[in-house]
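Scope of the values below: all heavy atoms of this structure, side chains included, with no hydrogens, waters or symmetry mates.
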Amino acid sequence: MVRTRFAPSPTGYMHLGNLRSALYTYLYAKKQGGQFILRIEDTDQSRYVEGAVDVIYNTLRDIGMLWDEGPDIGGAYGPYVQSERKAMYKPYAEQLVKAGKAYYCFCTNEELDARREESSQKGEVWKYDKHCLHLSPEEVQKRIAAGEPYVIRQNVPLTGEASFDDVLYGHIAVDCAELDDMVLIKADGMPTYNFANVIDDHTMAITHVMRGNEYLASTPKYNLLYEAFGWEKPVYIHMTPIMRDQTHKLSKRDGDAYYEDYLKKGYLREAIVNYVALLGWNPGDEREFFTLDELKETFDVTGMSKSPAIFDVNKLTWMNAEYVRKLAPEEFTRHALPYYEQAGVAGMDKDILCRILQPRTEIFTQIPEVVDFLTALPDYDAELFTNKKSKTDSAVSAEVLDFVIPALTALPEWTEEALHETLLGMAEAREMKNGTLLWPVRISLAGKLVTPGGAMEIATLLGREESLRRLNLGRAKL
RNA sequence: GGCCCCGUGGUCAAGCGGUCUAAGACACCGCCCUUUCACGGCGGUAACAGGAGUUCGAGUCUCCUCGGGGUCACCA
């Protein structure tokens, strides 16, 4: 049984990079009928953020990535919150000490700093010097009994090679001489993050460890721990970060690194997930639209990229527009409604709004700006009446409005059909290009060069009174 | 700096020794459609980081150089 885990720190936000890691981790397990476990890594209490765990729950649920075990639903390997596991790490470290694979260290920070400084003076790379490895058991006991603070360090062999095999990157080997004796248990009795990870992954029976690339170089060292315990090693799959550009990761200071940011900007969650899934993975064929279920069927590590991908809002926006266009009209309206309200057009004909807006909306937040002219006629210049392609200028526009206004005033019914028939009928009767007649009408109605929809839709949305008022205003400008 | 990893168009990417005078998508440009804009249709510009090898043959394998990232904490 494949068991993978997503182990975020509760920061209050869901970084897109984390989201993608969670996604791949989830998909990998689900593709193989395995289990996806959620573990909260909150050992750093100083970074505690109120409600942050809920953000994680809500985001995953919102997207549909349901976990099989986790803090809220429990499971056979709990607890699933690291701070609640505190007590279980130290005995493991002590077990290692007994086996000679770890040792107590009494060096103080000051002493370490001094030695570090000294070695950097000499231009050397600092590595813990195993100073306390040679303390006799008696002395260790004496100092512990005396209440002296201590840490427990991993005892890395001086020679030989540590290595592991990554599914994506292949065999990664590091010389043990390069490795530092890392701290396993801190002076406060708490485990270091890396040690806790090894213990948690093993005790939670995680079979496939999927995590960020930044652990690639240190994983051989963790593997030494598995060997020291005699535990079976997990399969490792390291994943690339999402970049802002060639040299920087997507980060919070760019203001666009979080999933929440994109929801606020009017992106659909399905589009975000779809786009993010494709950043660093491809299905091997030319498909690029996937629902979560389709991803579950299709996802495969062989399609994962080894080099980081640069995030391109352009393509996300395009993809979002594709999702928007595929929405059922009711769905489109449901998503657009808050923006209609914001723009003051919520009382207008929703069918027409949907018809003119849906093909033009890339992200929902664009709507208010696009329909602003419906609630307030912009202050516009008569130059707008001149358009070469439509063959209009102020004289032609004046002429057109002079016969359009009376005709529309006389319209018995102010419907789109009636407007359509009347307007185009007049163009035909006068052997005038549709565009020539419609241009001044639309400009008068909208006071804007570019509008969603044409003259008929706008007139219908505006209604008889407002339309005629605007047409007369337009005529007056000429 | 040591060690580890990565390197195909502006971006995402296919390619796993010959079918590469290198696919597809986004963006960009042009044309068509058209009631403005958008949608849609058609077409175009644009890449194997560089150099040595190996081989009959290299984007694909090896090495070096360059570029980029990661990592070297009692942070996670």
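In this structure, A:Asn213 places its CG atom 9 Å from P of B:U71, rounding to the nearest Å. For the pair A:Arg153 CZ and B:C72 P, the interatomic distance rounds to 14 Å; values are reported in whole Å. A:Phe311 has its CZ atom 16 Å from the P atom of B:U11, to the nearest Å. Protein atom CZ of A:Arg360 is 10 Å distant from nucleotide atom P of B:C37, rounded to whole Å.
Not one side-chain nitrogen or oxygen of A:Lys388 sits closer than 4.0 Å to the OP1 or OP2 atom of B:U36. Applying the 4.0 Å criterion to OP1 and OP2 of B:C39, one finds that A:Arg355 has every side-chain N and O outside that range.
Residue A:Arg442 places a side-chain atom within donor-acceptor reach of the base of B:U36, judged by atom type and a 3.5 Å distance cut-off alone.
Nucleotide B:C26 is matched to B:G10 when pairs are restricted to Watson-Crick or G-U wobble geometry with both distances under 3.5 angstrom. Judged by Watson-Crick or G-U wobble contacts below 3.5 Å, the nucleotide B:G18 has B:C56 as its partner.
Residue A:Asp175 is classed as having no contact, given no heavy-atom separation below 4.0 Å to the nucleic acid. At the heavy-atom level, A:Tyr275 lies nowhere under 4.0 Å from the strands shown. At the heavy-atom level, A:Asn194 lies under 4.0 Å from base atoms of the strands shown. At the heavy-atom level, A:Met319 lies nowhere under 4.0 Å from the strands shown. At a threshold of 4.0 angstrom between heavy atoms, the contacts of A:Gly280 are confined to the sugar-phosphate backbone, with no base atom among them.
Checked for salt-bridge contact, A:Asp180 and A:Lys221 miss the test: no charged N lies under 4.0 Å from a carboxylate O. Taking the charged nitrogens against the carboxylate oxygens, A:Arg325 and A:Glu322 do have a contact shorter than 4.0 Å, which makes a salt bridge. Look at A:Glu294 and A:Arg287 and you find no salt bridge, because none of the NZ, NE, NH1 or NH2 atoms lies under 4.0 Å from a carboxylate O.
Under the 6.0 Å cut-off for aromatic ring centres, A:Tyr323 and A:Phe290 do not qualify, their centroids lying 6.0 Å or more apart.
Nearest-nucleotide positions on RNA chain B for A:Leu279 and A:Ala455 put A:Leu279 closer to the 5' end. Nearer the 5' end of RNA chain B, as judged by each residue's closest nucleotide, is the contact made by A:Met304, out of A:Met304 and A:Glu214.
If you take OG1 on A:Thr451 and CG on A:Leu445, they are separated by 9.0 Å, rounding to the nearest 0.5 Å.
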